[in-house]
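Both backbone and side-chain heavy atoms feed into the values below; hydrogens, waters and symmetry mates do not. Chain letters run A, B, ... following the sequence lines, proteins first and then strands; every chain starts at 1. If you're wondering where the values come from, they're calculated on a predicted model, not measured in any experiment.
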Protein chains: 2
Amino acid sequence: MSGSRLSPRDRYREQTRAEIKEIALRQLAEGGTTAVALTRIAKEVGLSGPALYRYFDSRDALLTDLIRDAYTDLAAAVGAAADALPADTSPRARLRALAAACRTWAVAQPHRYLLIEGTPVPGYSAPPDTLDSARAVLGPFLPAFAGGEPSAAVRPVAEQMRTWAAGDAAVAEWAARHVPAGDEAVALAGAVLAWTGLHGVIGLEVAGQFAGMGHDGATLLTAQFDALADAFGLR
Amino acid sequence: MSGSRLSPRDRYREQTRAEIKEIALRQLAEGGTTAVALTRIAKEVGLSGPALYRYFDSRDALLTDLIRDAYTDLAAAVGAAADALPADTSPRARLRALAAACRTWAVAQPHRYLLIEGTPVPGYSAPPDTLDSARAVLGPFLPAFAGGEPSAAVRPVAEQMRTWAAGDAAVAEWAARHVPAGDEAVALAGAVLAWTGLHGVIGLEVAGQFAGMGHDGATLLTAQFDALADAFGLR
DNA sequence: AACAGTTGCGAGCAGTGCTCACAGAATCGA
DNA sequence: TCGATTCTGTGAGCACTGCTCGCAACTGTT
């Protein structure tokens with residue numbers, strides 16, 4: 001109970017865990033989810049098969065850890081982009097910047113984006129903190145929509161958000177932390193539409209669907225978000 | 001060389017091929033792509049392991065066939081929805097109807113949507129006719145944007161489409177078939193944005209990301225497409 | 001020095017995709 | 001009708017996967 005916060009044994013343990021995850025990440029980048037093979041990881045790290053199970057309960061546990069890491073990493077990237085903006089940035093410019101940050105992160109490491117937002121792994125069940133992570137990513141988008149005046153097109157969504165926030169305390173608290181009172185429903189609607197807009201462009205681009213076509217994700221994204229800003233009457 | 005268009009042998013062959021695909025589809029629905037196991041398919045169809053390779057060159061060949069089927073099926077659904085519309089349908093209503101048809105198809109069989117638009121299978125390379133299939137799905141969207149007047153937000157996309165169509169004859173021909181001359185660039189921009197809009201909502205919904213949240217895909221989709229119609233000045 | 005906890009290994013099980021050599025049946029040509 | 005060719009199916013086998021078990025060794029503490 002005295003002094004040392006981490007025994008040397010635990011230190012070593014964390015180190016090899018990190019090494020395992022690093023190799024797994026490389027395999028993921030090279031061949032997708034199914035290419036993450038415990039046996040090959042073990043061989044590469046200098047261990048032999050079953051020894052890996054001393055560090056991860058199962059292959060799914062490893063992947064879950066990678067998913068969690070990817071989420072927090074993406075949230076950090078978006079958060080950093082938000083913090084880098086001057087205080088007087090227009091909502092429209094803010095949306096553009098955040099969306100671009102999101103896309104840049106995803107395009108730089110497609111496999112990690114596919115890991116968190118792509119096809120769910122066959123049997124896997126999402127870790128409970130996934131919702132929190134998703135909220136952490138979308139949080140910086142919320143204030144951009146505060147004070148927005150939704151057009152007729154997106155007003156039904158805002159209406160739906162109102163009943164959602166009323167029923168889900170965690171969501172209401174999350175919205176309240178980013179947005180002045182009264183604007184929650186509109187901001188939530190904006191965030192959700194930003195989410196789908198992001199995924200629409202990034203998801204297709206990352207999956208390689210734009211390959212050989214004459215359009216790139218960047219202009220599509222800014223167009224999408226400019227249109228979204230228009231729909232919310234943002235300057 | 002006379003009469004019969006299909007020898008009894010070929011008939012039987014096509015029949016078992018269909019049976020194999022049917023079972024594969026069921027396995028896909030139950031456990032995702034990785035759950036499609038040739039061995040179990042063989043057992044279920046009453047054959048023994050290697051016999052399946054008389055009908056499909058490899059597991060990838062089977063999946064490719066399923067992908068092709070899903071694409072043509074989706075294209076047929078969208079096409080049918082387009083044909084069912086009265087001639088005087090407004091562009092906005094047309095967009096809504098087509099988007100809804102697309103989503104209905106996807107939500108009814110999520111696994112098949114994930115198969116065509118989800119995470120690419122590890123090593124697999126898309127069949128060359130995938131592009132044609134994607135165009136077949138999006139074709140009915142094109143005429144809705146003819147005569148549209150793109151706002152500043154989406155104008156850059158239209159500009160990009162112009163150079164794209166100029167460089168890709170197949171795309172130009174495809175656009176010309178659905179839209180009067182002169183409107184190609186705008187219509188292409190609309191179609192591509194419709195594509196990303198569709199995938200943004202449907203992809204997330206089908207992947208189960210909306211589970212436990214207070215919003216449903218239908219209102220999100222119509223909102224997205226209403227906003228898109230606004231961005232193109234459609235009535 | 002003795003004890004417990006941790007870490008690692010080898011063998012083994014069940015499952016996967018896939019290849020091979022071989023046997024039987026269906027089909028076609030003479 | 002007979003013979004040859006093609007097609008279809010089988011069992012054995014290879015290499016790989018995730019994962020479990022029992023046993024040995026090594027570490028840190030008492």
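Once rounded to the nearest 0.5 Å, the distance linking OG1 of A/Thr64 with CG of A/Leu115 reads 9.0 Å. From A/Gln224, atom CD reaches atom CG of A/Leu193 across 9.5 Å, with rounding to the nearest 0.5 Å. The OG1 atom of A/Thr16 sits 7.5 Å away from the CG atom of A/Leu47 when rounded to the nearest 0.5 Å.
A/Tyr55 comes within contact range of the sugar-phosphate backbone alone, with a heavy-atom separation under 4.0 Å but no base atom that close. Using a 4.0 Å heavy-atom criterion, one finds that B/Ala51 contacts the bases of the nucleic acid, with or without backbone contacts as well.
Salt bridge B/Asp10/B/Arg13: absent, no basic N to carboxylate O contact under 4.0 Å. Between B/Arg68 and B/Asp65, at least one side-chain N (NZ, or NE/NH1/NH2) sits under 4.0 Å from a carboxylate O, which counts as a salt bridge.
First and last contacts of DNA chain C with chain B, using any nucleotide atom under 4.0 Å from a protein heavy atom and ordered 5' to 3', fall at C/dT16 to C/dT27.
Atom pair B/Arg17:CZ and D/dC7:P shows a separation of 15 Å (rounding to whole Å applied). With rounding to whole Å, A/Ile41 atom CD1 is found 12 Å from D/dG18 atom C1'. Computed from coordinates, the B/Glu14 CD to D/dC7 C1' distance equals 15 Å when rounded to whole Å. In this structure, CZ of A/Arg40 is placed 17 Å from P of D/dA15, rounded to the nearest angstrom.
Listed by chain and residue number, B/Arg177 satisfy the salt bridge (Lys or Arg N to Asp or Glu O under 4.0 Å) test with B/Glu173 (two or more places apart in sequence, or in another chain). Annotation: salt bridge (Lys or Arg N to Asp or Glu O under 4.0 Å) contacts of B/Glu205 (sequence neighbours excluded): B/Arg103.
Surrounding CG of A/Asp57 are at most 12 heavy atoms belonging to other residues, nucleotides or ligands under 6.0 Å away.
Residues A/Glu184 and A/Val171 have side chains not in contact (no heavy-atom distance under 4.5 Å, counting atoms from C-beta outward).
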How would you summarise protein contacts on nucleotides 19-30 of chain D per nucleotide, using B for base, S for sugar-phosphate only and - for none, with heavy-atom distances below 4.0 Å? BBBB----B---
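B/Arg13 has no side-chain polar atom (N or O) that falls below the 4.0 Å cut-off from OP1 or OP2 of D/dC7.
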In residues 206-216 of chain A, what donor-acceptor pairs under 3.5 Å come from side-chain atoms, sequence neighbours left out?
unit_1, atom_1, unit_2, atom_2, d
A/Gln209, NE2, B/Ile116, O, 3.4
A/Asp216, OD1, A/Thr219, OG1, 3.1
A/Asp216, OD1, B/Gln160, NE2, 2.7

Using Watson-Crick or G-U wobble pairs with both distances under 3.5 Å, give me DNA chain D in dot-bracket, 5' to 3', with [ ] for crossers and | for pairs to another strand. ||||||||||||||||||||||||||||||
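A donor-acceptor contact closer than 3.5 angstrom links the side chains of A/Glu117 and A/Trp195.
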